[in-house]
Amino acid sequence: MTTFVELGVDQDIVDALSAKGIVDAFPIQEQTIPLGLPGQDIIGQAKTGTGKTFGFGIPVVQRLGLDPAPGVKALIVVPTRELAVQVYEDMDMLTSNRSTSVVAIYGGKAYEGQIDQLKAGAQIVVGTPGRLIDLNNQRLLDLSNATEVVLDEADKMLDLGFLADIEKIFSKVPAVRHTQLFSATMPGPIVALARRFMTNPIHMRASDPDEGLTQANIKHLVYRAHSLDKDEVIARILQAEGRGKTVIFTRTKRAAQKLVDELNDRGFNAGAVHGDMSQEARERSMAGFKAGKKDVLIATDVAARGIDVNDVTHVINHTIPDDEKTYLHRAGRTGRAGKTGIAVTFVDWEDLHKWALINRALEFGQPEPVETYSSSPHLYSDLDIPAGTKGRIAKAPKTETVRVPRTERAADAAEDGAREGGTRRRRRRSNAAKVGTSFAEGAEPAVPEGKGTDSADRADDGAGTHDGAGSEHHDGKPAPARRRRRRRRGTGSGAPTGA
DNA sequence: AAAAAAC
């Protein structure tokens, strides 16, 4: 571990960090700060929750120096309002021992306060594109001296929904500037596009490219949601012991609202964040969640990126995301700053192709979602994809990846994959083929209703209690239908539901 | 196609 002092960070910034208990630099910070300080353009890529914000933020603050001249000298652009608030708070912390002033500029809020701060001479602006351009058009935000420019969640900022705005913003800042782009995901085509806005950028990756994309601290569990009462199952997960805060993602704003109402009706203390809410209500939810007044947050993908909340132990994908990038960012709300987390994904029947895509892109090596979630609290042993291993199941034998093979062929292939660590490419191809097969089976449920066994479990579960060992039964019968083996696990699985 | 992002 390197300290910030050793990286050449100014003492007042070091003091601000250590006041928050932050002394050692994370790898992405060790790599980018020494380059960012002298003004090197950087594309910084590091996994979720590994400290990218300080990776660009510290150089920005330090490069502005102690120049008291008012006016915007640094611009940090982010994709959502909540992220603007968060990055603003980080920058405000970094500048707490110097006079540099920071302002957050984003929509859904009164203009007045933001304009006042700009007029008062704010030097660092953190904002979302719409309001930034709005105020720039009104000549209330002068970007002509913003020689420090950062795109956070850069791949998102450069995708179609934002690109026109970003081009507009780049046309307003000086041509000679220091430009930093950061994200956990940086697809090749986006990197190529990004170079248009940069000068000889260095692409820094904080991890071995061969390591894969997934965060090693996060365990991924994937369940088929066909004919599953997801609300019920999610409620049960929320009752599991050993749970801290949980973020639940839905595909639509309506689904998010419906779920938060449902969960609150069931007595949970949940909040929502989505684009149909007033900004005030969004921020109330976020603040309540961060402060621990609510321990469940239901969100659309507005909260998929960047949001950093301590002690989120679970991410639940009520609906599977569209692509692997979104999957990675959503899951990355847990397992941050060295902590561990669990990502649970429910795959609806019509979304099997999305799972196939994500499974292949993230190299989970899991041909299909496991059998329907059984409603028992012992879910954590059902499927255990060793993250950060490129899905090389063989490399984690003690993990005992067990699933219910849908066909003999699937079983054979799974064993094949488990045995031969060196055949990743071949296995991946065969996995892809298998997923294709299961998807192509069309009208027939890929897991036949034979999982009625699980339906039975569900019915039993209505009683509310379970014996701790998953291998045991619910109703006196041995668990015959429970075809998968279960493994006792310390957290969450060993305890009664506590319903 | 949804979500996000200005009023």
Side-chain angles (χ1 to χ4, degrees), chain A residues 75-88 103-115 118 125-141 143 150-170 172 183 185 190 247-260 272-283 285-286 297-307 315 317-330 332-333 345-355 357-358:
Chain A
L75 175 65
I76 300 169
V77 190
V78 301
T80 64
R81 297 165 180 176
E82 284 70 23
L83 192 53
V85 171
Q86 179 182 300
V87 173
Y88 161 80
V103 62
I105 301 289
Y106 57 93
K109 261 239 185 334
Y111 284 92
E112 195 182 12
Q114 297 177 5
I115 293 171
L118 287 171
V125 167
V126 183
T128 49
R131 180 65 68 94
L132 289 172
I133 290 170
D134 183 357
L135 291 184
N136 181 256
N137 286 341
Q138 296 189 52
R139 299 179 183 260
L140 294 165
L141 170 63
L143 293 175
V150 178
L151 300 189
D152 194 11
E153 306 299 341
D155 57 326
K156 181 70 174 173
M157 304 315 299
L158 293 172
D159 88 6
L160 251 39
F162 277 118
L163 183 56
D165 284 349
I166 294 305
E167 284 179 323
K168 169 103 175 165
I169 288 168
F170 271 121
K172 301 292 184 182
S183 182
T185 47
I190 297 289
V247 183
I248 306 175
F249 287 101
T250 62
R251 190 176 67 88
T252 64
K253 293 177 277 194
R254 286 180 64 180
Q257 193 56 52
K258 184 163 170 279
L259 185 58
V260 74
V273 188
H274 60 71
D276 277 349
M277 296 166 61
S278 72
Q279 190 54 30
E280 189 193 2
R282 284 167 60 161
E283 288 180 20
S285 285
M286 283 304 310
L297 185 73
I298 294 104
T300 58
D301 282 325
V302 69
R305 285 176 175 257
I307 299 303
V315 166
N317 289 316
H318 172 273
T319 341
I320 192 170
D322 286 347
D323 58 52
E324 76 283 2
K325 292 185 293 298
T326 309
Y327 180 94
L328 220 57
H329 286 281
R330 281 186 181 185
R333 293 322 95 208
T345 299
F346 293 106
V347 185
D348 292 315
W349 170 241
E350 65 270 24
D351 291 337
L352 276 172
H353 63 294
K354 290 183 188 169
W355 166 245
L357 175 90
I358 291 166

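All figures in this text were calculated on a predicted structure; none of them were measured in a lab. Scope of the values below: all heavy atoms of this structure, side chains included, with no hydrogens, waters or symmetry mates. Chain letters run A, B, ... following the sequence lines, proteins first and then strands; every chain starts at 1.
Note: NE2 (A:His274) to C1' (B:dA2) measures 14 Å, nearest angstrom. The nearest whole Å value for the distance from the CZ atom in A:Arg139 to the P atom in B:dA6 is 21 Å. The distance from atom CZ of A:Arg305 to atom P of B:dA5 is 13 Å, rounded to the nearest whole Å. If you take CD1 of A:Ile115 and P of B:dA6, they are 14 Å apart, rounded to a whole angstrom. The CD1-C1' distance, from A:Ile105 to B:dA5, rounds to 15 Å in whole Å.
For B:dA3, the OP1/OP2 oxygens have no side-chain nitrogen or oxygen of A:Lys156 closer than 4.0 Å. In this model, the phosphate group of B:dA4 is not approached by any side-chain N or O of A:Thr128 to a distance below 4.0 Å at OP1 or OP2. Considering only side-chain N and O atoms, A:Arg282 lies under 4.0 angstrom from the phosphate OP1 or OP2 of B:dA5.
With B:dA6, B:dA3, B:dA5 as the choices, the nucleotide that has an atom nearest any side-chain atom of A:Tyr111 turns out to be B:dA6. Nearest nucleotide to the A:Thr252 side chain, out of B:dA2, B:dA4, B:dA1: B:dA2. The nucleotide whose nearest atom lies closest to any side-chain atom of A:Thr80 is, among B:dA1, B:dA3, B:dA5, B:dA5. Comparing B:dA4, B:dA2, B:dA6 by their nearest atom to the side chain of A:Tyr106 picks out B:dA6.
Residues forming a salt bridge (Lys or Arg N to Asp or Glu O under 4.0 Å) with A:Asp348 (at least two apart in sequence, or on another chain): A:Lys230. Partners of A:Asp276 under the salt bridge (Lys or Arg N to Asp or Glu O under 4.0 Å) rule, at least two apart in sequence or in another chain, are A:Lys253.
Judged by distance alone, with hydrogens and angles left aside, the side-chain atoms of A:Gln114 form a donor-acceptor pair with the main-chain N or O of A:Tyr106 at under 3.5 Å. A donor-acceptor contact shorter than 3.5 Å links the side chain of A:Arg81 to the backbone of A:Gly107.
Base engagement by A:Gly161 is indicated by at least one non-hydrogen atom pair under 4.0 Å involving a base atom. Residue contacts shown for A:Asp322 include a base, since a base heavy atom lies under 4.0 Å away.
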